[in-house]
Amino acid sequence: MTHAAASPAKLFEPVALGSLVLPHRLVMAPLTRNRATHDGVPTPLMATYYAQRASAGLIIAEASTPNPVGQTYPNITAVHSPAQVAGWRRVTEAVRARGGRMYLQIQHGGRVGHPDTSGLTPVAPSPIALPGTIHTPAGRVPSVVPREMTAEDIGSTVADFASAARNAIEAGFEGVEVHSANGHLLHQFLARGTNRRTDAYGGSVENRIRFVVEVVDAVAAEIGPERVGLRVSPGNTVNSLVEGDTAAIYPALLAALADRGLAYLHVGYADPEDPVFQRIRKDWPGTLVANPVLPADHIPRDGGMAHGERLLAAGADVIALGRPFLANPDLVRRMRTGAPVNQVRDAYMMYVGGETGYTDYPFLPADA
């Protein structure tokens with residue numbers, strides 16, 4: 001399918017997103033960087049990092065867990081305790097002081113977790129282990145078989161997502177993004193490969209989307225649908241996920257949520273030529289955020305602008321970029337002026353802590 005070219009100027013036009021009007025269409029995608037404390041409290045270094053990137057139209061902050069058992073890896077953020085809320089408030093205040101706006105992504109890891117990290121046995125739709133090993137405080141160790149969630153577990157987890165959303169608003173975020181992508185808990189419920197349940201949450205597509213719909217509805221009821229986004233990544237096999245019937249899952253999920261008045265739908269790994277993406281754009285009545293697939297080994301010289309323009313031409317409203325914002329705190333200025341971009345220093349992306357590869361990426365000189 002061929003799409004008309006989008007004007008580069010469209011990237012820099014204002015756009016409505018829920019209750020916000022963003023100054024342009026370039027937003028920062030959520031990026032877990034493991035710089036929180038061991039108990040999930042955002043640090044002052046994180047406030048510096050996000051404030052450096054406040055020129056993004058919106059920052060969607062990194063995945064935060066809604067309860068202790070949802071923790072994936074060491075030193076990731078959470079949003080279920082007063083200390084975590086206070087830590088995030090320092091971050092949002094720093095970003096707001098620079099004129100920025102933030103949403104918080106809420107993520108439960110499901111089977112992507114380990115007792116050595118959280119102190120708890122992971123929970124999941126079915127007792128099917130993540131293949132291979134997982135990163136823990138002691139390094140990579142074999143994954144464990146998660147405990148199958150009971151009906152009570154499902155209900156309490158839905159309530160935890162709603163509570164986490166309320167905490168996020170208390171912490172100063174404009175809204176939240178519910179994470180139903182990348183092989184984590186909500187995505188695990190959607191997928192045949194990880195959901196072998198025989199109750200109302202398993203089997204048919206209608207049943208497998210039920211948990212995601214309940215979480216979204218609970219979060220929207222808590223803070224208002226205009227403050228809620230949902231992230232999906234159709235066909236994504238990260239964390240060894242196998243959906244099995246991708247083309248059936250997402251039309252059903254979107255049909256169930258289309259009338260909720262959500263702030264946006266965020267499609268990760270979006271490809272404008274993919275029939276599933278095209279169907280999503282056709283079916284979704286609201287704002288569509290698209291995260292393009294960039295080369296794995298480098299950031300394009302234009303920072304991903306051309307990839308974003310292709311998605312805008314295919315019907316996306318907003319473009320979310322991850323690694324380009326990680327390596328370029330002034331990415332928007334670089335794109336506006338055509339300046340070259342910094343490349344990511346991969347060795348410092350995760351698990352290492354500290355400023356290197358995090359807050360020390362250079363800005364353009366003031367007179368550039």
Side-chain angles (χ1 to χ4, degrees), residues 63 65-72 106-115 118 120-132 134 143-162 164 177-221 228 230-260 262 265 267-268 276 279-280 283:
T65 55
N67 56 28
V69 76
Q71 183 176 3
T72 51
I106 304 176
Q107 171 196 279
H108 189 301
R111 71 175 185 169
V112 185
H114 198 279
S118 67
L120 301 166
T121 299
V123 297
S126 301
I128 302 169
L130 178 74
I134 187 170
S143 300
V144 299
V145 176
R147 179 174 61 80
E148 180 170 305
M149 295 174 73
T150 65
E152 290 75 19
D153 292 328
I154 289 172
S156 65
T157 302
V158 170
D160 288 342
F161 268 87
E177 177 177 280
V178 174
H179 195 21
S180 183
N182 296 7
H184 297 294
L185 181 65
L186 275 66
H187 203 182
Q188 291 161 27
F189 268 89
L190 296 178
R192 282 178 172 173
T194 45
N195 185 346
R196 307 284 176 82
R197 302 178 72 93
T198 58
D199 63 2
Y201 293 90
S204 68
V205 168
E206 179 184 14
N207 284 353
R208 281 183 280 129
I209 69 172
R210 189 183 309 277
F211 179 60
V212 177
V213 172
E214 289 181 356
V215 168
V216 171
D217 280 348
V219 170
V228 180
L230 173 67
R231 193 182 203 206
V232 296
S233 55
N236 185 359
T237 59
V238 171
N239 289 313
S240 302
L241 194 90
V242 179
E243 289 179 339
D245 50 359
T246 302
I249 293 170
Y250 293 93
L253 179 62
L254 270 56
L257 294 173
D259 64 351
R260 299 304 202 265
L262 301 182
L265 178 71
V267 179
V276 174
R279 175 69 185 271
I280 286 172
D283 289 353

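- Contact between Pro234 and Val276 at its shortest, heavy atoms only, is CB-CG1, 3.7 Å.
- Nearest heavy-atom pair across Ser143 and Pro131 is OG-O, 4.4 Å.
- Between Asn207 and Gly202, the closest heavy-atom pair is ND2-O, 3.0 Å.
- Judged as a side chain to side chain donor-acceptor pair (under 3.5 Å), and not counting sequence neighbours, the contacts of Glu177 are Gln105, Tyr264, His266.
- Nearest heavy-atom pair, Arg147 versus Thr121, reported as atom, atom and distance to 0.1 Å: N-CG2, 4.1 Å.
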Evaluation steps, side-chain hydrogen bond (donor to acceptor under 3.5 Å, both in side chains), between Asp153 and Thr150
CA-CA 5 Å; Asp153 292 328; Thr150 65; 3.1 Å; yes

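- Residues Val238 and Ser233 fail the side-chain proximity criterion, which asks for heavy atoms closer than 4.5 Å.
- Put simply, the side chain of Gln188 gets close to the backbone of Arg111: a donor and an acceptor are under 3.5 Å apart.
- Arg260 contributes no side-chain N or O that, together with a main-chain N or O of Val213, makes up a donor-acceptor pair within less than 3.5 Å.
- Using modelled atom types, no side-chain atom of Arg231 and backbone atom of His179 make a donor-acceptor pair closer than 3.5 Å.
- Of the possible donor and acceptor atoms, one in the side chain of Ser118 sits under 3.5 Å from a partner among the backbone N and O of Leu120.
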Quick one: do Asn239 and Asn182 satisfy side-chain hydrogen bond (donor to acceptor under 3.5 Å, both in side chains)? Show the steps, please.
CA-CA 7 Å; Asn239 289 313; Asn182 296 7; over 6 Å; no

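- In terms of heavy atoms, Leu253 sits closest to Leu230 at CD2-CD2, 4.4 Å.
- Few gaps surround CD on Glu148; more than 12 heavy atoms of other groups in view lie less than 6.0 Å from it.
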